[in-house]
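Only heavy atoms go into these numbers, but all of them, side chains included; no hydrogens, no water, no symmetry mates.
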Protein chains: 2
Amino acid sequence: MEDIISNAIDKLKQKEYKLTSQRELVLRVLLENEDKHLSAEEVYHLVKEKAPDTGLATVYRTLELFNEFDFIHSIYFDDGRKRYELGSGLMKSHQHHHLICTKCGSIIEVNEDLLDELENRVSQQHEFKVINHQLKIFGICKNCS
Amino acid sequence: MEDIISNAIDKLKQKEYKLTSQRELVLRVLLENEDKHLSAEEVYHLVKEKAPDTGLATVYRTLELFNEFDFIHSIYFDDGRKRYELGSGLMKSHQHHHLICTKCGSIIEVNEDLLDELENRVSQQHEFKVINHQLKIFGICKNCS
DNA sequence: TTGGATGCAAAGCCTTTGCATACCT
DNA sequence: AGGTATGCAAAGGCTTTGCATCCAA
């Protein structure tokens, strides 16, 4: 994990962004909760545990910054707030999908990719240059059924 | 279209909801703009053209009601507001996906469904009972490339 | 007639912005 | 030292809620 962090720090410095303790902490929190799809507020609370003086606005600004670097990217589930996942700027980004339980709200990640064929067909039919995709599968999870 | 509307009205009345002119108008606006993924505010403006006294809160409440009846369902794209599509309570709901242009923001619907195989596999591996899915494909549309 | 539906305005969330201060480089 | 980053508080969007009035059944 330290590798990933120093890599990210290098990228920030290359573009003349400063390394502050808050930025590093936000990054660590995101990495330590990789699979949790944290919201800004959740990141804020986790950061506050280690650095109580941190402001919410800083967390928002940091998340936006990281988003620009593709360290993370945001996704809306159905509670109307942005949630964040690690992105291609930090590590090899694997294609993955989300299983969302409509009872308990838990989110399971699935690392499949069977969509290439569909993407190709769609590209041709609509002259649409595919960059990325996002698949959410709704249903009932193991625990809730 | 009148068939669909009277069918919907019947369903409302069966559950003792009143048919108001506002509710009917919202329904018509949704049907007339089936493929546009309107937001609440957009529905509101379209309704106001025909009934200027309508309040925004009524539109929100009506959309929530229609959502409970599965006349429509909401989906978040990336502008952070709910947008609505017709749902299974109104008509045979076809599986469809969205092509979202990251330049101009236009949304194209695609009526493919190649996801059954993936759904089956995922169901088994994770003991997850699939109800529905949502696929967004991001890229550059014909006009923007 | 009467309880649900409406319109208006206020309040609630989440997120962004302004500004004075703090702190990386 | 200088300018970016921060924290706080205020303001901005979108959505929901409270309340008096209205209206479909």
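With rounding to the nearest 0.5 Å, the separation of CD1 in B:Ile107 from CZ in B:Phe77 is 4.0 Å. Between the CZ atom of B:Arg81 and the CD1 atom of B:Ile75 there is a distance of 15.0 Å, given to the nearest 0.5 Å. Atom CG of A:Leu115 is separated from atom CG of B:Leu118 by 6.0 Å, given to the nearest 0.5 angstrom. Of the inter-residue distances, the one linking B:Leu65 atom CG with B:Thr58 atom OG1 reads 11.5 Å to the nearest 0.5 angstrom.
Across the protein-nucleic acid pair, A:Phe66 atom CZ and D:dA5 atom C1' stand 13 Å apart, rounded to whole Å. In this structure, CG of B:Asp79 is placed 10 Å from C1' of D:dC14, rounded to the nearest angstrom. Here C:dG7 presents its P atom at 10 Å from CG of B:Leu56, a figure rounded to the nearest Å. The distance from atom CG of B:Leu63 to atom C1' of C:dA5 is 15 Å, rounded to the nearest whole Å. In this structure, B:Leu65 places its CG atom 13 Å from C1' of C:dT6, rounding to the nearest Å. Between the P atom of D:dT16 and the CD atom of B:Glu68 lies a distance of 11 Å, rounded to the nearest Å.
Residues satisfying the side chain to side chain contact (heavy atoms under 4.5 Å, CB included) criterion with B:Asn111, sequence neighbours excluded, are B:His94, B:His96. Partners of B:Phe128 according to the ring pair (Phe, Tyr, Trp, His ring centres under 6.0 Å) rule, which considers only residues two or more places apart in sequence or in another chain, do not exist here. Not counting sequence neighbours, the partners of B:Asp70 by the side chain to side chain contact (heavy atoms under 4.5 Å, CB included) test are B:Ser88. Remark: A:Glu24 pairs with A:Arg28 by the side chain to side chain donor-acceptor pair (under 3.5 Å) rule, at least two apart or across chains.
Contact check of residues 21-52 of chain B against DNA chain C (heavy atom, cut-off under 4.0 Å) returns B:Gln22, B:Arg23. The stretch residues 8-18 of chain B comes close to DNA chain C through B:Tyr17, B:Lys18, each having a heavy atom under 4.0 Å from the strand. Taking every heavy atom of residues 70-78 of chain B and every atom of DNA chain C, no pair lies under 4.0 Å.
Here B:Tyr60 does not reach the OP1 or OP2 of D:dT16: none of its side-chain N or O atoms lies under 4.0 Å away. Close to D:dA5, at under 4.0 Å from its OP1 or OP2, lies no side-chain N or O of A:Thr58.
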Measure all distances between protein nitrogen or oxygen atoms and nitrogen or oxygen atoms of nucleotides 18-20 of chain C, and list the pairs falling under 3.5 Å.
unit_1, atom_1, unit_2, atom_2, d
C:dG18, O6, A:Arg61, NH1, 3.3

Residues 4-16 of chain B side chain polar contacts: donor-acceptor under 3.5 Å, at least two apart:
unit_1, atom_1, unit_2, atom_2, d
B:Ser6, OG, B:Glu2, O, 2.9
B:Ser6, OG, B:Asp3, O, 3.2
B:Lys11, NZ, B:Gly89, O, 2.7

Donor-acceptor pairs under 3.5 Å, side chain of residues 129-145 of chain A to any protein atom, not counting sequence neighbours: which ones?
unit_1, atom_1, unit_2, atom_2, d
A:His133, ND1, A:Glu119, OE2, 2.3
A:His133, NE2, A:Gln95, OE1, 3.4
A:Lys136, NZ, A:Tyr76, O, 2.4
A:Ser145, OG, A:Lys142, O, 3.4

Could you pull out every donor-acceptor pair under 3.5 Å between side chains of residues 34-51 of chain A and any protein atom, sequence neighbours left out?
unit_1, atom_1, unit_2, atom_2, d
A:Lys36, NZ, A:Asn33, OD1, 2.8
A:His37, ND1, A:Asp35, O, 3.4
A:His37, NE2, A:Glu85, OE2, 3.0
A:His37, NE2, A:His98, NE2, 2.9
A:His37, NE2, A:Glu109, OE2, 3.2
A:Ser39, OG, A:Glu42, N, 3.2
A:Glu42, OE1, A:Ser39, N, 2.9
A:Glu42, OE1, A:Arg83, NH1, 3.0
A:Tyr44, OH, A:Lys48, NZ, 3.2
A:Lys48, NZ, A:Pro52, O, 3.3
A:Lys50, NZ, A:Glu32, OE1, 3.4

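Minimum heavy-atom separation, B:Asn67 to B:His73: OD1-CA, 3.2 Å.
When the C1' atoms of four end pairs are superposed on the next four at each end of the helix from C:dT1-D:dA25 to C:dT25-D:dA1, using five pairs per end, the two resulting axes differ in direction by 30°, to 10°.
Between C:dT15, D:dT6, D:dT16, one nucleotide has an atom nearer to the side chain of B:Lys82 than all others, and that is D:dT16.
Under the 30°/60° scheme for interplanar angles, the aromatic rings of A:Phe66 and A:Phe71 are found to be tilted.
Between A:Leu31 and A:Leu90 there is a side-chain heavy-atom pair separated by less than 4.5 Å. Residues A:Thr20 and A:Thr62 have side chains not in contact (no heavy-atom distance under 4.5 Å, counting atoms from C-beta outward). Proximity of A:Gln125 to A:Val122: side-chain heavy atoms (C-beta onward) are nowhere separated by under 4.5 Å.
Both A:Glu64 and A:Thr20 sit near DNA chain C, but only A:Glu64 has its closest nucleotide nearer the 5' end.
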